[in-house]
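In what follows, a single structure is set out as structure tokens and then discussed.
Lettering of chains follows the sequences in order, A, B, ..., and the numbering in each one begins at 1.
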Amino acid sequence: MTEELKVSNDKDRADNLGLGPTPEDDFAKWYQEIVKKAELAENGPVRGTMVVRPYAWRMWELMQRYLDDMFKETGHENAYFPLLIPKSYITKEAEHVEGFAPELWEVTRGGNKDLEEPAVIRPTSETIIGEMMSKWIQSHRDLPMLLNQWCSVMRWERRPRLFLRTSEFNWQEGHTAHVDEEDAMRETLQMLDIYETFAVRDLALPVVKGEKTPGERFPGAKNTYTIEGMMRDGKALQSGTSHYLGTNFAKAFNIEYSNSANEKVLCHTTSWGLSTRMIGALIMAHGDEKGLVVPPRLAPHQVVVIPMRFDKEPRVLEAAEQIAKDLRAVGVRVHVDKRDQRPGFKHNDWELKGAPLRMELGPRDLDEGKVLVAARLGQDEKESIAIADLVGDIPGRLEAYHDFLLTRATEFRDANTKQVDTWDEFVEQVKSGWASVLYDGTEETEQKIKEATSATPRCIPSSFEAEEGPCFVTGAPSAFGKRVIFGRSY
RNA sequence: CGGGCUGUGGCGCAGCCUGGUAGCGCGCUCCGUUCGGGUCGGAGAGGUCCGGAGUUCAAAUCUCCGCAGCCCGACCA
């Protein structure tokens with residue numbers, strides 16, 4: 001009887017603290033529980049808004065740092081443009097306004113009176129930055145103009161989901177102006193490459209890089225490029241986009257320069273953005289039934305040290321702090337968990353929060369000059385390592401852990417991506433993954449596919465070989481000169 | 001925006017059908033104990049039952065209107 005009660009209490013505790021559903025049971029619920037229980041974010045009081053908690057914001061700070069470094073290395077400068085944009089700006093580019101009109105938040109009052117011209121809260125800043133660029137650019141000598149801003153934007157979302165789609169979200173938006181198409185296109189593709197590097201190197205997320213089909217383009221863009229990641233439920237997540245805007249915005253906002261022949265010429269502009277949605281990507285690409293799995297480059301705590309009986313034996317804590325100090329000196333982010341909790345609780349908690357490595361340090365280890373090192377993934381047994389070897393060992397171990405995650409995610413993606421040539425195969429394939437197909441590229445065909453399977457064209461991968469043949473739906477000649485990846489998406 | 005479901009201490013839930021102003025588990029606080037994978041015992045704190053209006057002597061419970069969340073769809077860098 002007592003035993004039964006005890007077991008039941010343990011189960012209640014586990015249910016309350018740990019995750020209920022597994023990704024296989026109920027992916028949507030699993031995702032929400034991770035977000036909440038790993039203390040990443042929660043809903044704000046206004047519909048669709050999100051409170052980002054410190055643990056997740058730290059990951060975003062790291063993302064910002066890696067991206068910002070690459071932006072600066074490629075000559076970009078950060079600036080800041082206003083949150084509020086005159087409503088009239090948005091309407092200057094026809095496709096742009098059509099695309100964003102249904103998503104706008106509008107401000108009509110301030111200081112207790114109606115505004116003369118309503119303002120919209122930026123859904124993206126092409127318009128206001130275009131307006132400013134038109135003032136700043138006079139000569140070909142002013143080009144290229146390479147700007148970026150870190151900010152939040154707002155779009156009315158009908159169905160918000162934390163990190164994936166919220167009314168307000170934080171991102172970076174780059175905006176550049178160039179002398180001609182060639183230079184602008186080089187920029188567009190360069191930024192796409194940077195996003196890919198970021199995804200692979202920092203997020204351990206293999207992505208498919210490529211161009212969007214016309215139906216999936218950014219409103220007002222001539223070409224849209226994307227990196228698409230595969231989540232563990234086989235769906236695609238658009239993880240970063242880069243747009244070649246042609247002269248569309250230059251025309252709308254008069255962004256022009258005098259060339260060396262003293263002729264007025266329209267600029268060719270680009271824009272590119274990546275958001276906190278990447279935190280959603282990280283959760284859904286790497287997480288498992290125990291919780292979050294954070295890739296080392298983004299982990300707030302790469303190593304968590306769990307000291308045993310440290311209240312009774314101060315030397316344990318001293319040793320733990322010394323280890324932390326030594327590792328920090330070689331660039332490892334270490335956290336010593338001094339909470340008044342049992343070690344078992346801490347192990348579970350840090351598994352839920354996805355810390356890559358844990359160290360268990362007690363009097364016994366200390367006597368032997370060793371620590372037990374456990375990995376969140378990819379290592380079955382805890383390994384006893386000499387304390388003296390840690391500084392040499394841990395950085396490499398973190399890299400190996402990153403490689404493990406990347407390999408695992410890549411194998412998963414490849415196993416769930418299939419080349420198909422018939423309707424039946426296609427329908428089956430997009431239930432759980434991606435299908436690469438030849439199709440005729442028409443809106444009608446895309447619509448038919450979407451209605452039947454809810455799959456949409458994700459991108460025309462730049463890595464794919466040229467290939468042509470009959471459309472798997474209509475039999476008409478295929479478009480784009482190569483296969484296109486279709487999948488369900490977020 | 002259409003269809004479905006939900007809203008009760010921090011979290012998970014019961015109570016609602018058959019109105020009589022709240023209960024359980026976990027968590028939290030304090031004391032002791034324990035500490036190498038979610039210790040054990042004791043004593044406590046904490047809720048205008050999402051909001052508003054209505055019916056009633058009386059509403060968590062019934063009715064209406066909002067708001068918010070979740071799922072499916074539509075929509076969506």
Side-chain angles (χ1 to χ4, degrees), chain A residues 2 5-20 26-29 31-33 36-37 39 42-49 95-96 98-103 123-124 126 153 155-162 164-167 169 171 173 192 195 212 215-221 223-228 237-243 245 271-275 277 290 306-313 316 339-352 358-366 371-372 374 382 384 447 450-451 454 456 458-459 488-490:
Chain A
T2 316
L5 192 66
K6 188 175 165 186
V7 167
S8 137
N9 282 347
D10 286 350
K11 190 182 170 302
D12 286 346
R13 180 174 291 114
D15 285 351
N16 197 252
L17 297 174
L19 291 178
D26 186 342
F27 198 79
K29 186 133 198 266
Y31 177 83
Q32 288 188 86
E33 283 210 15
K36 219 163 181 192
K37 290 188 172 168
E39 300 179 350
E42 47 196 85
N43 290 307
V46 173
R47 179 193 152 75
T49 58
E95 285 182 28
H96 192 65
E98 196 184 323
F100 280 107
E103 301 182 48
T124 177
E126 275 76 6
V153 291
R155 301 173 187 183
W156 180 262
E157 291 295 348
R158 291 177 178 118
R159 196 177 162 191
R161 289 190 86 184
L162 292 174
L164 302 179
R165 183 167 277 108
T166 48
S167 289
F169 59 93
W171 75 344
E173 51 176 326
L192 188 69
Y195 287 157
K212 284 287 190 188
E216 300 274 322
R217 275 185 199 137
F218 174 74
N223 307 83
T224 287
Y225 297 84
T226 178
I227 53 170
E228 301 278 327
L237 183 71
Q238 179 172 303
S239 303
T241 47
S242 185
H243 315 289
L245 304 172
S271 67
W272 26 277
L274 183 147
S275 74
R277 173 182 261 197
K290 287 180 179 170
I306 301 175
M308 307 289 159
R309 297 176 56 84
F310 60 88
D311 56 332
K312 297 258 169 50
E313 307 216 27
V316 174
R339 286 178 296 177
D340 180 21
Q341 296 283 1
R342 312 200 84 209
F345 175 93
K346 294 181 183 179
H347 281 112
N348 282 287
D349 192 47
W350 289 112
E351 278 171 346
L352 175 65
R358 298 188 305 281
M359 278 181 199
E360 218 168 308
L361 179 67
R364 289 210 292 274
D365 308 287
L366 214 45
V371 286
L372 276 180
K382 292 178 186 176
S384 187
Q447 195 55 37
K450 188 173 180 184
E451 277 168 21
S454 81
T456 52
R458 301 322 307 155
C459 78
R488 293 175 302 142
S489 75
Y490 281 97

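- If you take atom C1' in U48(B) and the same atom in A43(B), they sit 28 Å apart, rounded to whole Å.
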Find every protein N or O atom lying less than 3.5 Å from an N or O atom of nucleotides 70-73 of chain B, and list the pairs.
from, atom 1, to, atom 2, distance (Å)
C70(B), O3', Q32(A), NE2, 3.1
C72(B), OP2, R159(A), NH2, 2.2

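- Remark: Q341(A) is in phosphate contact with C28(B), judged by side-chain N or O atoms under 4.0 Å from OP1 or OP2.
- If you check every strand for non-hydrogen atoms under 4.0 Å, E126(A) touches nothing.
- A donor-acceptor contact under 3.5 angstrom links the side-chain atoms of R364(A) to the base of G36(B).
- Residue side chain D349(A) does not reach the base of G38(B) through any donor-acceptor N/O pair under 3.5 Å, judged by distance alone.
- Spacing between G20(B) and C49(B) at atom C1', rounded to whole Å, works out to 16 Å.
- Looking at E216(A), H243(A), K212(A) one by one, the single match for side-chain contact (heavy atoms from CB on, under 4.5 Å) with T226(A) turns out to be K212(A).
- Between the side chain of R47(A) and the base of C67(B) there is no donor-acceptor pair of N/O atoms closer than 3.5 Å.
- The same atom, C1', is picked in A60(B) and in C16(B); the two are 7 Å apart, to the nearest Å.
- Look at G27(B): it lacks any Watson-Crick or wobble partner with both distances under 3.5 angstrom.
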Would you give a per-nucleotide map of nucleotides 43-51 of chain B, 5' to 3', where B means the base has a protein non-hydrogen atom under 4.0 Å away, S means only the sugar-phosphate does, and - means neither? ---------
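- Within 4.0 Å (heavy atoms only), K312(A) reaches at least one base atom of the nucleic acid.
- R458(A) and T456(A) form a side-chain donor-acceptor contact under 3.5 Å, judged by distance and modelled atom types alone.
- The side chain of K382(A) contributes no N or O atom lying less than 4.0 Å from OP1 or OP2 of G36(B).
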